[in-house]
Amino acid sequence: MEGLLPVCKGAEAVLNLQPSSSISIGYHPLFGPHDDLILFELDEKLVPDVLQQRVTLRGQPDEEAVLCSKSKTYAIKFVGTSNSVFLIPPSDNPSSCDKSQGCHEGNYKEEVVATVLKVAPGTMELVEVAPKLDKLKSILLESPYCSDEVEDMGDLEVMETTSRRLYTWDDLVDRVQASDDELRAGLKAISAVEIDGCWRIVDEKYMDFILRMLLHNSVANGWSLNELIEEEVVNVLVSDGIPARLANHCLQVYGNKVEGAGRSLWRLDERRVCIQFARQILREGKRKIEIFMEEWMKKIPLGIQASFDMLEGEVLTEKLGVETWVHAFSVSSLPSTPAERFAILFKEQPKWEWKDLQPYIRDLKVPGLTSEGLLLKYTRRTQPTLDAEPVFSAR
């Protein structure tokens, strides 16, 4: 009498299954929870990166892990399912089940059985998110690069006894939840510089000094602020006691490289220079706008045209009686997460006109959400008349 001889097959049997056909399933000898096996649902564009191991999981033990490709960051979300999802491993050596599975000698007809290793309760999905770069600035500000480090460079005993927590590129990759491209962009945005293999933020007052020395030497040596020769500028600043790396960094922070020139030329960016001098003044506190403008114009070097419009996203004005005061409020000091950003904005001012609000939110990048979407989610818009400027308040 003929019977059915179960032949254990792997995933190949299921993948080759024809439409309107069926296959029996059974337990794999190693069937169990297998918590180390997780199903990932991936966008097709990300599959090559995963298969070629060009992605990494990043995060500290107290953080929710994110997955990073070269250019993007993804949150990892678990999505449960009410259906049974079977994990069927490939079969290296398809063979008949042993007698413990009910197979006996005799005249049998083979029946294909796919063996299930695990029943998955759900899948992990990836959702693109903004990089978490606020941590980058906070950890680098633990040890800003100050002028006293330059003075201590020749004193090995002082350097060895000075305790500073410094971060290499690998340290930042380990601590900051961002892709490599996003991390590099974040370092550029906060004007960080690599010194002796470690990434540093240069102390504001020291940057003031370096910029002041550059402008002083431009007058003394007859340099054009639109055609600064990199080698000459760096050599002169080095002779003034400024490290070459920081002299070059000053050009990168306050200037733009002139493209197409036969040699390395830089043009000072008027807005960046003017903002730096405004920050110097307002670091000491708010000013009446007339006094501020007078002090500011005195600091601006000849050849640079300054206007108050340059300071959008850097300062705010307020009316106190008949007087107008100005104080520092820089977008660079605000958190990058929308909820925290809007909370601080509405704490600073309960109501914002669009022309004042826009400079403080245009840098917010939330995948899948436009600027209009951010405003709908976090603000309430009012417009007394059709021709009036809209006003935004907290939702």
Given side-chain hydrogen bond (donor to acceptor under 3.5 Å, both in side chains), test S179 with K72 step by step and report yes or no. CA-CA 5 Å; S179 69; K72 294 182 179 180; over 6 Å; no
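- Rounding to the nearest 0.5 Å gives a distance of 8.0 Å between CG of L364 and OG of S336.
- A search for ring pair (Phe, Tyr, Trp, His ring centres under 6.0 Å) contacts involving Y74 returns nothing, not counting sequence neighbours.
- Listed by chain and residue number, Y378 satisfy the ring pair (Phe, Tyr, Trp, His ring centres under 6.0 Å) test with F342 (two or more places apart in sequence, or in another chain).
- Between the CD atom of Q276 and the CD1 atom of I210 there is a distance of 10.5 Å, given to the nearest 0.5 Å.
- Applying the ring pair (Phe, Tyr, Trp, His ring centres under 6.0 Å) definition to pairs two or more places apart or across chains, none involves residues 175-223.
- Under a 4.0 Å N-O distance rule, the pair E353/K355 qualifies as a salt bridge.
- Salt-bridge formation is detected for the pair E284/R287: a Lys NZ or Arg NE/NH1/NH2 atom is positioned less than 4.0 Å from an Asp or Glu carboxylate oxygen.
- E204 is linked by a side chain to side chain donor-acceptor pair (under 3.5 Å) to R283, counting only residues two or more places apart in sequence or in another chain.
- Ion pairing between E142 and R165 fails under the 4.0 Å rule for side-chain N and carboxylate O.
- If you take CG on N16 and CD1 on I23, they are separated by 9.5 Å, rounding to the nearest 0.5 Å.
- Applying the side chain to side chain contact (heavy atoms under 4.5 Å, CB included) test to Q358 and every residue at least two apart in sequence or in another chain returns W354, R362.
- Using a 4.0 Å cut-off between a side-chain N of Lys or Arg and a carboxylate O of Asp or Glu, E294 and K298 qualify as a salt bridge.
- Under the side chain to side chain contact (heavy atoms under 4.5 Å, CB included) criterion, V50 pairs with L42, L46, V55, not counting sequence neighbours.
- The nearest pair of heavy atoms linking L282 to V326 is CD2-O, 3.8 Å.
- Listed by chain and residue number, Q52, R54 satisfy the side chain to side chain contact (heavy atoms under 4.5 Å, CB included) test with P48 (two or more places apart in sequence, or in another chain).
- A chain of hydrophobic side-chain contacts below 4.5 Å, direct or via other Ile, Leu, Val, Met, Phe, Trp or Tyr residues, connects L141 to L133.
- Side-chain contact check for S393 and K351: no donor-acceptor pair (N or O, by modelled atom type) lies under 3.5 Å.
- Atom CZ in R272 sits 12.0 Å away from atom CD1 in I304 (nearest 0.5 Å).
- Every pair passing ring pair (Phe, Tyr, Trp, His ring centres under 6.0 Å) that includes a residue from residues 264-305 is listed here, sequence neighbours excluded: F292-W296.
- In this structure, the side chain to side chain donor-acceptor pair (under 3.5 Å) partners of K135, at least two apart in sequence or on a different chain, are E63.
- Nearest heavy-atom pair across E41 and E125 is OE1-OE2, 3.4 Å.
- At most 12 non-hydrogen atoms from other residues, nucleotides or ligands lie less than 6.0 angstrom from CG of L302.
- By the neighbour-count criterion of 12 heavy atoms within 6.0 Å, atom NZ of K118 is densely surrounded, having more than that number from other residues, nucleotides or ligands.
- The pair R267-E227 does not count as a salt bridge, with every side-chain nitrogen at least 4.0 angstrom from each carboxylate oxygen.
- Residue pairs meeting the ring pair (Phe, Tyr, Trp, His ring centres under 6.0 Å) criterion with at least one partner in residues 303-330, sequence neighbours excluded, are F329-Y360.
- Taking CG from D180 and NZ from K70, the interatomic distance works out to 7.5 Å, rounded to the nearest 0.5 Å.
- Cluster membership for I190 and I275, using ILVMFWY side-chain heavy atoms within less than 4.5 angstrom, is not shared.
- Applying the side chain to side chain donor-acceptor pair (under 3.5 Å) rule to R341 yields the partners D363; only residues at least two apart in sequence or on another chain are considered.
- Hydrophobic clustering (side-chain heavy atoms under 4.5 Å, transitive across Ile, Leu, Val, Met, Phe, Trp, Tyr) groups L183 together with I201.
- To the nearest 0.5 Å, atom SG of residue C250 and atom CZ of residue R245 are 12.0 Å apart.
- A single hydrophobic cluster is not seen to contain both L39 and V119; linkage of ILVMFWY side chains at heavy-atom distances under 4.5 Å, directly or through other members, places them apart.
- Hydrophobic clustering, with ILVMFWY side chains joined whenever heavy atoms are under 4.5 angstrom apart, groups L375 together with W352.
- Using a distance-only test at 3.5 Å, with no hydrogens or angles considered, a donor-acceptor pair links the side chain of S224 to the main chain of N226.
- Between P359 and E312 the shortest heavy-atom distance is CG-OE1, 3.8 Å.
- Every residue was checked against the side chain to side chain donor-acceptor pair (under 3.5 Å) condition with S371, not counting sequence neighbours, and none meets it.
- Using modelled atom types, one finds a donor on one side chain and an acceptor on the other under 3.5 Å when comparing E182 with T73.
- A salt bridge between D181 and R184 is present, with a side-chain N of the basic residue lying under 4.0 Å from a carboxylate O of the acidic one.
- Taking every heavy atom of both residues into account, L136 and I139 meet most closely at O-CG1, 3.3 Å.
- Side-chain contact between L166 and I195 is absent, with no heavy-atom pair separated by less than 4.5 Å.
- Atom CD of Q305 sits in a sparse spot, with 12 or fewer heavy atoms from other residues, nucleotides or ligands closer than 6.0 Å.
- Here the closest non-hydrogen pair linking P131 and A178 is CB-CB, 3.6 Å.
- Residues E149 and P144 share a closest heavy-atom pair of OE2-O, 3.6 Å.
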